[in-house]
Q: 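Mind having a look at this structure? Questions to follow.
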Amino acid sequence: MNSHPEWLNKALFYEVYPQSFFDSNGDGIGDLKGIQKKLDYIKNLGFNALWLNPIYESPFKDAGYDITDYKKVAKRYGTNKDAYDLFKTAHEKGMRVILDFVPGHTSINCPWFKKSCEPKENEFSSRYIWTDSVWKSPKDLPVIRGISDRDGAVVTNFFSVQPALNYGFASPHESYEEPIDGKGPQGTIAAMIDILRFWLFHGADGFRCDMADSLVKHDPDRSGTIRVWKQIIDTIKNDYPDAVFVSEWDNPLCSLKAGFDMDFLLQDPFNPYNSLLTRTASPYFRFDNTKKDAKAYFDNFRKLYSFASSQQKFLSLISGNHDTKRLAFYLKPEEMKFYYLYLFTMPNVPFLYYGDEIGMGYEEGLVSVEGGFDRTGDRSPMQWDESKMAGFTTGKTSYIKINPDRKGISVREEAQDDDSLFTFLKTLLAFRKDHVALDNDASFELVDTKGYCPLVYIRKKFAEKLLIAINPSMRTYKISLGDFKGNPLFSSGGAFVEEDAMKLSPQSFIVLE
């Protein structure tokens with residue numbers, strides 16, 4: 001029996017940044033009705049699941065990651081009924097929808113926080129981490145102080161407008177530091193469970209959990225945070241066993257122990273391995289004369305994959321996300337094709353960021369919108385066509401600026417080009433759908449080519465066995481077929497079979513049975 005929901009075995013996720021995807025009412029901001037109108041587009045592209053960035057009521061100082069009401073859809077995006085209708089329509093089309101869950105903090109405008117600011121003790125007094133004196137601060141934790149008549153400083157996460165919810169301290173020392181099983185932390189956990197149940201009851205299929213490793217404070221080995229998540233996830237899965245949880249943790253050795261079904265392998269400067277293929281000064285998938293060596297990447301990946309497999313859980317690879325410079329900043333469209341072949345033929349639950357199917361660019365120099373700062377350039381409106389407003393809105397303006405210099409980079413234009421990135425991805429996902437050996441839970445074996453270039457691996461499920469070989473280098477390679485029949489199923493022009501070997505010309509790939 002799987003220890004993850006069965007539907008994850010074939011899940012392919014498309015991340016939607018709601019304010020920038022499709023505007024249905026002409027106000028310049030994307031919305032839930034706009035997403036619903038584009039479900040057929042997402043499905044026909046080849047995806048069967050969506051992840052929506054936060055849709056909740058918020059002052060939007062951090063793009064909705066500062067929440068005032070977890071159970072209410074922000075007016076800009078529509079109504080709760082619009083969300084329920086979106087879930088229902090997606091399910092009718094055989095698609096799933098997961099929501100962004102932000103458990104670590106709220107907005108300073110949240111009614112919970114306003115009640116906690118009152119000097120007189122009430123049920124929300126310990127919902128956040130308040131010290132017992134305005135002059136006192138926890139070690140190594142940021143605070144804000146002097147914001148109310150309550151005598152204390154309050155811990156924040158990320159921005160100063162995001163007070164940290166109280167999940168306790170791993171080893172309490174100060175009088176105000178509660179243990180995980182204290183009244184305050186358990187009240188917070190109960191509130192989070194209630195919110196998750198609310199959305200699952202109304203049709204959501206699961207959650208991406210923001211800053212999942214940050215709940216319990218002064219928790220160096222994350223054992224306290226693991227304990228909290230196990231309490232939350234185990235409780236939810238008793239009632240909703242098909243609900244999925246994916247963590248923004250980037251450490252499967254911790255997150256999967258905590259009960260998550262999958263963990264993102266994020267591509268950012270904080271991880272020395274995950275960015276090696278795509279987001280370094282010289283990425284593995286860039287077509288250049290540099291030495292192509294993926295050994296460091298795969299030494300790390302295989303360790304994580306082995307652990308995930310032992311737990312019957314998953315890793316999640318990404319094209320990018322709302323916090324990461326777009327893939328097109330690092331790779332050209334032909335190079336991106338090679339990464340997408342990798343992304344969608346490896347054992348994982350893959351996520352594609354909206355617009356990455358057409359190679360949308362990172363918009364440099366944009367004025368920060370809603371706490372985006374340098375991330376704002378990753379969040380520009382979806383480019384549906386070549387019109388002035390890119391088919392995103394019928395209005396005359398958009399909340400985030402649309403790139404005026406985007407010739408050829410739109411869904412309409414790329415759909416008409418047989419050689420485009422869009423067409424390649426659509427063809428690849430259709431191919432994947434026809435081969436069970438490319439399911440997320442199919443087995444994986446890395447063929448030990450020197451320095452892992454070319455990159456050669458085997459996927460197997462039931463009676464089907466496939467070999468994938470990818471050569472982004474300037475060299476030609478000849479690789480033995482072993483026990484494969486040598487029947488090419490999917491390839492570029494420079495890869496073919498010669499007698500008992502496959503020949504990989506520079507910048508070529510092949511999938512064999």
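Reckoned from all heavy atoms, side chains included, excluding hydrogens, waters and symmetry mates.
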Q: Below 6.0 angstrom between ring centroids: does that apply to His4 and Phe245?
A: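 Ring centroids of His4 and Phe245 are no less than 6.0 Å from each other.
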Q: Quick check with a 6.0 Å cut-off and a 45 degree axis cone: is Lys337 positioned over the face of Tyr340's six-membered ring?
A: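 No.
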Q: Would Lys38 pass as a cation-pi partner of Phe22, given that its NZ or CZ must be under 6.0 Å from the six-membered ring centre and within 45 degrees of the axis?
A: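 Flagged: Lys38 positioned over aromatic ring of Phe22.
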Q: Determine, for Glu363 against Lys401, whether the closest basic-nitrogen to carboxylate-oxygen distance falls under 4.0 angstrom.
A: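 Salt bridge flag = no for Lys401 with Glu363.
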Q: Taking the six-membered ring for Trp and the full ring for Phe, Tyr or His, determine whether the centres of Tyr284 and Tyr452 are under 6.0 Å apart.
A: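 Judged by ring-centre distance (under 6.0 Å), Tyr284 and Tyr452 do not meet the cut-off.
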Q: Could you give the distance from NZ (Lys291) to OG (Ser282), rounded to the nearest 0.5 Å?
A: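 Output value for this atom pair is 12.5 Å.
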Q: Got a salt bridge between Asp239 and Arg197, using NZ or NE/NH1/NH2 to carboxylate O under 4.0 Å?
A: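 A salt bridge is present here (some side-chain N lies under 4.0 Å from a carboxylate O).
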Q: Could you go through Val456 and Ile468, starting from their C-alpha distance and side-chain angles, then the distance that decides it, and tell me whether this counts as side chain to side chain contact (heavy atoms under 4.5 Å, CB included)?
A: CA-CA 6 Å; Val456 183; Ile468 299 95; over 6 Å; no
Q: Assign the ring pair Tyr17 / Tyr354 to parallel, tilted or perpendicular, where the plane angle (0 to 90°) is split at 30° and 60°.
A: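 Ring orientation of Tyr17 relative to Tyr354: parallel.
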Q: Has Thr324 got a side-chain atom pairing as donor or acceptor with Gly320's backbone, closer than 3.5 angstrom?
A: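 Between the backbone of Gly320 and the side chain of Thr324 there is no qualifying donor-acceptor contact (under 3.5 Å).
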Q: Tell me whether the count of non-hydrogen atoms from other residues, nucleotides or ligands lying under 6.0 Å of NZ in Lys503 goes above 12.
A: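 Open: at most 12 neighbouring heavy atoms sit under 6.0 Å from NZ of Lys503.
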Q: Closer than 3.5 angstrom, by distance alone: can the side chain of Ser491 be matched with the main-chain N or O of Pro488 as a donor-acceptor pair?
A: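 Judged by distance alone, no pair lies under 3.5 Å.
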Q: Can you confirm if the aromatic rings of Phe490 and Phe431 lie within a centre distance of less than 6.0 Å?
A: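 Yes - the distance between ring centres of Phe431 and Phe490 falls below the 6.0 Å cut-off.
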Q: Identify whether the distance between the nearest side-chain nitrogen and carboxylate oxygen of Lys478 and Glu498 falls below 4.0 Å.
A: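 Looking at Glu498 together with Lys478, the answer is yes, because their closest N to O distance falls below 4.0 Å.
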Q: Going by the side chain to side chain contact (heavy atoms under 4.5 Å, CB included) test, name the single residue among Ile470, Leu455, Thr278 that passes it with Phe338.
A: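 The single option meeting the side chain to side chain contact (heavy atoms under 4.5 Å, CB included) with Phe338 is Ile470.
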Q: For the atom pair CD1 (Ile29) and OG (Ser24), what is the distance rounded to the nearest 0.5 Å?
A: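 The distance works out to 11.5 Å.
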Q: So Tyr457 and Phe444, would you call those rings parallel, tilted or perpendicular, with 30° and 60° as cut-offs?
A: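 Tyr457 and Phe444: tilted rings.
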Q: Within the side chain of Asn348, is there an N or O that forms a donor-acceptor pair under 3.5 Å with the backbone of Phe314?
A: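 Flag not set: sc Asn348 to bb Phe314 has no pair under 3.5 Å.
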Q: Using only atom types and a distance under 3.5 Å, with no angle test, would you say the side chain of Tyr353 pairs donor to acceptor with the backbone of Asp378?
A: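 Between the backbone of Asp378 and the side chain of Tyr353 there is a qualifying donor-acceptor contact (under 3.5 Å).
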Q: Any side-chain to backbone donor/acceptor pair from Asp213 onto Trp249? Under 3.5 Å, distance only.
A: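 A pair under 3.5 Å: no.
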Q: Can you tell me if Ser3 uses its side chain to pair, donor with acceptor, with the backbone of Gln311 under 3.5 Å?
A: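 Such a contact is found between Ser3 side chain and Gln311 backbone.
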Q: In this structure, are over 12 heavy atoms from other groups packed under 6.0 Å from Lys460 atom NZ?
A: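 Check fails, neighbour count at 12 or below.
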Q: Below 4.0 angstrom, N of the basic side chain to O of the carboxylate: do Arg375 and Asp62 qualify?
A: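 Here Arg375 pairs with Asp62 in a salt bridge, since their nearest N and O are under 4.0 Å apart.
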Q: State the CG-CZ distance between Leu12 and Phe344, to the nearest 0.5 angstrom.
A: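 Nearest 0.5 Å value for the CG-CZ distance: 6.5 Å.
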Q: Determine whether Leu8 and Asn440 make a side-chain contact, defined as any pair of heavy atoms from C-beta on separated by less than 4.5 Å.
A: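 Side chain of Leu8 against side chain of Asn440, heavy atoms only: no contact under 4.5 Å found.
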Q: Examine Lys332 relative to Phe287 and say whether NZ or CZ is less than 6.0 Å from the centre of the six-membered ring and inside a 45° cone about the ring axis.
A: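 The answer is no, since Lys332 fails at least one limit relative to Phe287.
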Q: For Lys237, I'd like to know if atom NZ has over 12 heavy atoms of other residues, nucleotides or ligands within 6.0 Å.
A: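 It does: Lys237 NZ has more than 12 such atoms within range.
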Q: Is a side-chain donor or acceptor of His91 paired with a backbone partner of Arg96 at a separation under 3.5 angstrom?
A: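 Judged by distance alone, no pair lies under 3.5 Å.
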Q: For the residue pair His202 and Trp199, does the interplanar ring angle fall in the parallel (under 30°), tilted (30 to 60°) or perpendicular (over 60°) class?
A: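 If you compare the ring of His202 with that of Trp199, the planes turn out perpendicular.
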